Amino acid sequence: MYSENHIAKMRDFITKLLSNPCFANETPLLIEENLLLFLVQNYTALKTTLTTHQFFPDLPWRDIENLYIKILQEEIDKKIIPQIQIITFKKIDYNFINLMIHRSIDQNNFADQIFKFCLELLKRFEIRKLFDSPYKIISHNVIDKYIEEIFAKRSYIAFELEKVEKLKFPPETIASIIKFKLIISMAGFIRTEVDDLPLQQKMNLADIKFGNSAMQRLHYEKIVKQFMAGLTYFPQEILFDAMKANLSFLDDPTIPATCRLAKVFFLLGKNYKPNMKIDKGAETQEKSWFGLQKKNYKYYGFDIKMIEELYRISAENFW
Amino acid sequence: MGDKNKSNIIINILENFIILMIFLVLIQTFLEDFSVIIGLKKETIRLIRLSSIFFDLLFTIEFIVRMISSASQKRGIEYFFFRNGWIDLLSSIPLLLLVSGPFFIEEVLHVHLASLSFLNAIGLIKLIKAIRITRILRFLRVLKIFGKIKNTKSEMAQQNVLTVTTIVIMSIILFLITVKILETIHILPSKIKDIEKREISIKENFEKLHAVLDEKDFINTMKLTSKFYDNIYLIEYKNKILYNDLTNKNPIDITKKDESISIYQTINDNLKIVFTRENFLKEEALANLLNFFLIIFIMLVLLLIYTRHFALTISDPVYVMRQGFDNIDYTLAVKIPKYYEKNDMFLLANSFNNRWLPAKIRKLNEIRNKSSKLSFNEVFKNMGGK
């Protein structure tokens, strides 16, 4: 298939692409996405160039393409996997699971399973590019700082967390629950084959109550069963609950506050640019983002009261 | 490519040199009046005034080079009218021709312009007054330095503040010139006219004394009374010095006819009265200096306060909105100050924040990264043609 020489040559090529100055402020997964787009957009030109004697004259183009993707993923994995290990082992406190299920499983067992789950997710192309969002949000402690302020203010969100969702935990633990749900909910983006749902299936009460979300719930239940079998330390209810972070609050007002927050932070992460320079005359990054979402809350299915509170927090703290 | 870089370096060096020269000429402008006020030695004042020929010549050359260079690129009109070429012109050639040039000719080449017939025709005093008016044009150089200060990223802010500053400073200079002209043609009361009147009145008093007293009494009276006139520097009668103001720390060379003295000869040229006008010159220098500082003060106020205001209310929101329109990834909202919410610019910014950006971010999340940041040509160029 590929010789050592082919691999070394491709690695050299990919390394040079990765070191391009235009990627200086980009996260590894975004760079990967960019380089895959580079391959797609310059398909013909790359095919002509990379099959010349200077590169891989003895390989068919299909193999070159596969080698490009393989080496690119390997190189990105080298950068991202240690970071994900830090996120899963250091940034999340799993003790809330023990408190919920009244057991005392070692933290590292939880972390290890979540880490492996993340690695599984990262094998899927459709998840890799989306995983950039939780990666940025968790590694930059965005959730922690907001939760701290939410409990300092004790307004709508704190009420929803403490009284409605009945979470009697300290803020750090609640931040961990949101981070956990954020990671688990990524599985909701897994592309699965069309289910052979019987056409004659009758409309049920859930369809009427929760609209589109009812169908999504079925999909997520399937995903939990099919893709989360390795998460043996986590009860299925908790995993399914986390998947609700993908649902719209407008369709289902019973979605737990932690899931609603996880959804908000996931979408914030998509547009989040760490260490962004703020121009004079512009609002700060997070204030801008929450300000925009006050108009977009219906589109994304956010809880508007949460968005308004998070907007106030970002404005008060110049975030 | 190398030649272009080289010429860019040379242009940069020249631009920096010109900026340095503008700073120096402002210092020279200050010193020229300040030296008179503090009563420096005549020779020092003379040297300071002489140094202005270097700057006037330099700025004249600069103007001519810029004008020719712009004209050769068919941008002469743009340079002259829209890139402040007219300021370069007014602050160079008139000063060279009317202020430093004549002074240099008189002081260094020892050609007395007053003795030239065509200058006699208009009269020396009027010429000096005319020159004094044109000296105000030196203040225009403040605008030159203002134009060089890049106090904001925004080209619009830079141009707007420069335009406002030019209008304000040009208005002050035009006002000052108008006042001087009106004083010169005696429409407005002028200090120099009062001084002349006083000098003539003293001279006439002495003539009357000479008419009623015998020579011995006249000489004694002159000796006694002269010291009570603060503007009399010297009195000679029949080539004998009757009075010399020894309190003046800078001895005046009365053989040199300059603006600091006026000489009257009367009684059949037997009586020579030399009046000093140093106090007047000091007052004039002080007024000049105050005008100079007024212009600098206005410039600084515009620079610090108006620029900020303009940036806050115009150029910064425009910049943020332009970034939002031009760059796909730019999703920062415009900051709307509380007190300017009803300002047209911020009504527009409000629409940008609440209509354009939310729609943009929705679309952005749908289409995000549909194109790579890398271009094929760039990649293979960086790889040395591989």
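These numbers come from the heavy atoms of this one structure, side chains and all, not from hydrogens, waters or symmetry mates. Just so it is clear, the structure is predicted and the values come from calculations on it, not from any experiment. Below, chains carry the letters A, B, ... as their sequence lines are ordered, and counting in each starts from 1.
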In this structure, are over 12 heavy atoms from other groups packed under 6.0 Å from [X] atom [atom1]?
X      : atom1 : result
A:E4   : CD    : no
A:N25  : CG    : no
A:K294 : NZ    : yes
B:F293 : CZ    : yes
A:Y43  : OH    : yes
B:F325 : CZ    : yes
A:K78  : NZ    : yes
B:I77  : CD1   : no

Can you tell which part of [X] gets under 4.5 Å to a heavy atom of chain B, answering side chain, backbone, both or neither?
X      : value
A:L46  : both
A:Y299 : side chain
A:T284 : backbone

Which value, rounded to the nearest 0.5 Å, describes the distance between [X] atom [atom1] and [Y] atom [atom2]?
X      : Y      : atom1 : atom2 : value
A:E283 : B:N353 : CD    : CG    : 7.5 Å
B:R362 : A:K295 : CZ    : NZ    : 11.0 Å
B:K335 : A:D279 : NZ    : CG    : 11.0 Å

Is there side-chain contact between [X] and [Y], with heavy atoms separated by less than 4.5 Å?
X      : Y      : answer
A:Q285 : B:L332 : yes
A:Q41  : B:F376 : no
B:L374 : A:N20  : yes
A:S288 : B:T331 : no
A:K273 : B:D329 : yes
B:I361 : A:N296 : yes

Query raised in the report: What closest approach, in Å, do A:A282 and B:Y330 show between heavy atoms, and which atom pair accounts for it?
Result: CB-OH, 4.0 Å

Query raised in the report: Heavy-atom distance under 4.5 Å to chain A: side chain of B:I336, backbone, both or neither?
Result: backbone

Report summary line: Cut-off 4.5 Å, heavy atoms of chain A, and the answer for B:N354 is both

